[in-house]
Amino acid sequence: MSDARAVIGVLDDLRDESDELDRLVGALEPERWALPTPAPGWTVAHQIAHLAWTDRAALLAATDPDGFAAQAAAALKAPDTFVDDGAREGAAKPPAALLKSWRTGRDALQRALRAAPPEARFPWYGPPMSPAAVATARLMETWAHGQDLAEALGVTRAPTARLRHVARIGVRARDYAHAVRGIDAPGEEFRVELTAPDGSLWTYGPEGAAQRVTGPALDFCLLVTRRAHRDDLAVRAEGADADRWLDIAQAFAGPPGAGRAPKGGRG
């Protein structure tokens, strides 16, 4: 697959993931936007406001690198609060205005990423990212925050093949998950084998690796987005280093946060 087709593919998946979440919240009564979600202190409105804020930041990075640099410098002066501050500001809007802002921003980001050369590199809070990487990161966040919203609304979402993007980030972020905690990453690659929603197998790493991780793709994605505790998931490790990784795995940049408390495990 060419780089251009790969970008289009992940952008199509991001659009579909966002549209699915939009259908979940788009028709909510105004009072339900104030429902609490599993993220402490965050309501339904905070979750959508955060997605809208991050879409706007990504759009700025793709279209005005100097403007993004100024915004990032201001944000990094308050690294522990700028994410919550952005969500709080957006959540204060009336639901209809917040919904319109999210839709407008994500549509503009789609257009900007589709128009960019596949080899472009945009600034970010970490290393610069390609259009495909930006889209993949946005899909991961949209899915993860969508999980928070689904739990708050008492909805069970059917997993889709779009999870492959979340799983891939989770695997590729293995060393970052160690670094953000000040731990040396293992020198060897792991083998990761995940059962996709359609029953097929998604595999990463050398087949003969001594350290292995196996389980349902959905459970692995819940683990690396820290939307469920490891004890409640059917993800298994072979090898001490792989076992340690499952305790600290994360697919997103920044501090890991407290994570979720176990609910009783799957056994």
Side-chain angles (χ1 to χ4, degrees), residues 37-42 47 50 54 76 79-84 87 124-127 129 133 136-148 151 159 162-196 201-267:
T37 68
W42 279 28
Q47 297 280 353
H50 173 68
T54 315
L76 292 176
D80 297 328
T81 62
F82 80 91
V83 171
D84 284 336
W124 198 239
Y125 300 101
M129 297 202 295
T136 303
R138 299 306 307 126
L139 192 155
M140 179 271 293
E141 264 217 297
T142 301
W143 180 83
H145 289 283
Q147 187 65 24
D148 293 339
E151 290 187 33
R162 296 190 295 271
L163 287 178
R164 69 186 185 276
H165 302 294
V166 183
R168 184 170 180 268
I169 291 183
V171 172
R172 290 172 63 88
R174 185 200 72 169
D175 290 0
Y176 176 81
H178 288 75
V180 78
R181 292 166 176 80
I183 302 171
D184 290 336
E188 61 183 300
E189 288 189 70
F190 296 169
R191 175 70 168 183
V192 179
E193 297 181 351
L194 305 174
T195 304
L201 198 63
W202 296 341
T203 61
Y204 311 87
E207 188 172 356
Q211 306 274 335
R212 304 173 66 86
V213 168
T214 59
L218 173 60
D219 285 21
F220 181 79
C221 291
L222 289 169
L223 180 74
V224 298
T225 56
R226 299 182 71 79
R227 260 50 188 187
H229 193 277
R230 178 183 175 182
D231 290 352
D232 297 320
L233 302 171
V235 183
R236 301 291 178 258
E238 298 177 22
D241 288 340
D243 186 69
R244 180 177 67 173
W245 177 43
L246 294 189
D247 285 334
I248 64 172
Q250 68 178 72
F252 52 88
R260 302 289 168 80
K263 296 180 179 179
R266 291 189 178 183

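The figures that follow rest on heavy atoms only: side chains count, while hydrogens, waters and symmetry mates do not.
Listed here is the closest heavy atom pair of A251 and A173: CA-CB, 4.3 Å. The shortest heavy-atom contact between Q250 and R226 is CB-CD, 4.1 Å. Annotation for A249 and A177: closest pair CA-CB, 4.2 Å, computed over non-hydrogen atoms. A pairwise comparison of heavy atoms in A217 and A196 identifies CB-CA, 4.1 Å as the closest pair. Shown here for W42 and A87, the closest heavy-atom pair between the two residues is CZ2-CB, 3.7 Å.
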- [ ] Under the side chain to side chain contact (heavy atoms under 4.5 Å, CB included) rule, what do V213 and Y204 come out as? Steps first, then yes or no, please.
- [x] CA-CA 10 Å; V213 168; Y204 311 87; over 6 Å; no

Open item on the list: Assess the residue pair W245 and V192 against the criterion (side chain to side chain contact (heavy atoms under 4.5 Å, CB included)); give the C-alpha distance rounded to whole Å, side-chain angles, the decisive distance to 0.1 Å, and a yes or no.
Closed with: CA-CA 12 Å; W245 177 43; V192 179; 4.0 Å; yes

- [ ] Kindly indicate, with the supporting measurements, whether the criterion ring pair (Phe, Tyr, Trp, His ring centres under 6.0 Å) is fulfilled by H165 and W143.
- [x] CA-CA 10 Å; H165 302 294; W143 180 83; over 10 Å; no

TODO: Please test E238 against R236 for salt bridge (Lys or Arg N to Asp or Glu O under 4.0 Å), starting from the C-alpha separation and ending with a verdict.
DONE: CA-CA 7 Å; E238 298 177 22; R236 301 291 178 258; over 6 Å; no

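Side chains of T214 and L194 form no contact here, defined as non-hydrogen atoms less than 4.5 Å apart. Within the 4.5 Å cutoff, the side chain of F252 has heavy atoms near those of the M140 side chain. Within the 4.5 Å cutoff, the side chain of R191 has heavy atoms near those of the E193 side chain. Between P186 and H178 there is a side-chain heavy-atom pair separated by less than 4.5 Å. Using a 4.5 Å heavy-atom threshold, the side chains of I169 and V224 count as separate. Annotation: side chain of R168 is not in contact with side chain of T136 (no heavy-atom distance under 4.5 Å). Side chains of L201 and T195 form a contact here, defined as non-hydrogen atoms less than 4.5 Å apart. Side-chain atoms of V171 and F220, non-hydrogen and from C-beta on, do get closer than 4.5 Å to each other.
Donor-acceptor pairing under 3.5 Å is lacking for the side chains of R244 and Q211. A side-chain donor-acceptor contact under 3.5 Å links T37 and Q47.
For the atom pair D175 CG and D184 CG, the distance stands at 10.5 Å (nearest 0.5 Å). Interatomic distance, NE2 of H229 versus CG of D247, reported as 7.5 Å (0.5 Å rounding). The CG atom of D241 sits 11.0 Å away from the CG atom of L246 when rounded to the nearest 0.5 Å. From Q147, atom CD reaches atom OG1 of T142 across 13.0 Å, with rounding to the nearest 0.5 Å.
Judged by distance alone, the side chain of D243 and the main-chain N or O of A237 form no donor-acceptor pair under 3.5 Å. Looking at R260, its side chain never comes within 3.5 Å of a backbone N or O of R230 through a donor-acceptor pair. Checked by atom type and distance alone, the side chain of R227 pairs as donor or acceptor with a backbone atom of A144 at under 3.5 Å. At distances below 3.5 Å, at least one donor-acceptor pair connects side-chain atoms of D232 with backbone N or O atoms of K263.
Note on ring orientation: taking the six-membered ring where Trp is involved, the planes of Y125 and F82 are tilted (angle from 30° to 60°).
Within 6.0 Å of CZ on R172 lie no more than 12 heavy atoms contributed by other residues, nucleotides or ligands.
A cation-pi arrangement is present between R174 and F190 under the rule of less than 6.0 angstrom and at most 45 degrees off the ring axis.
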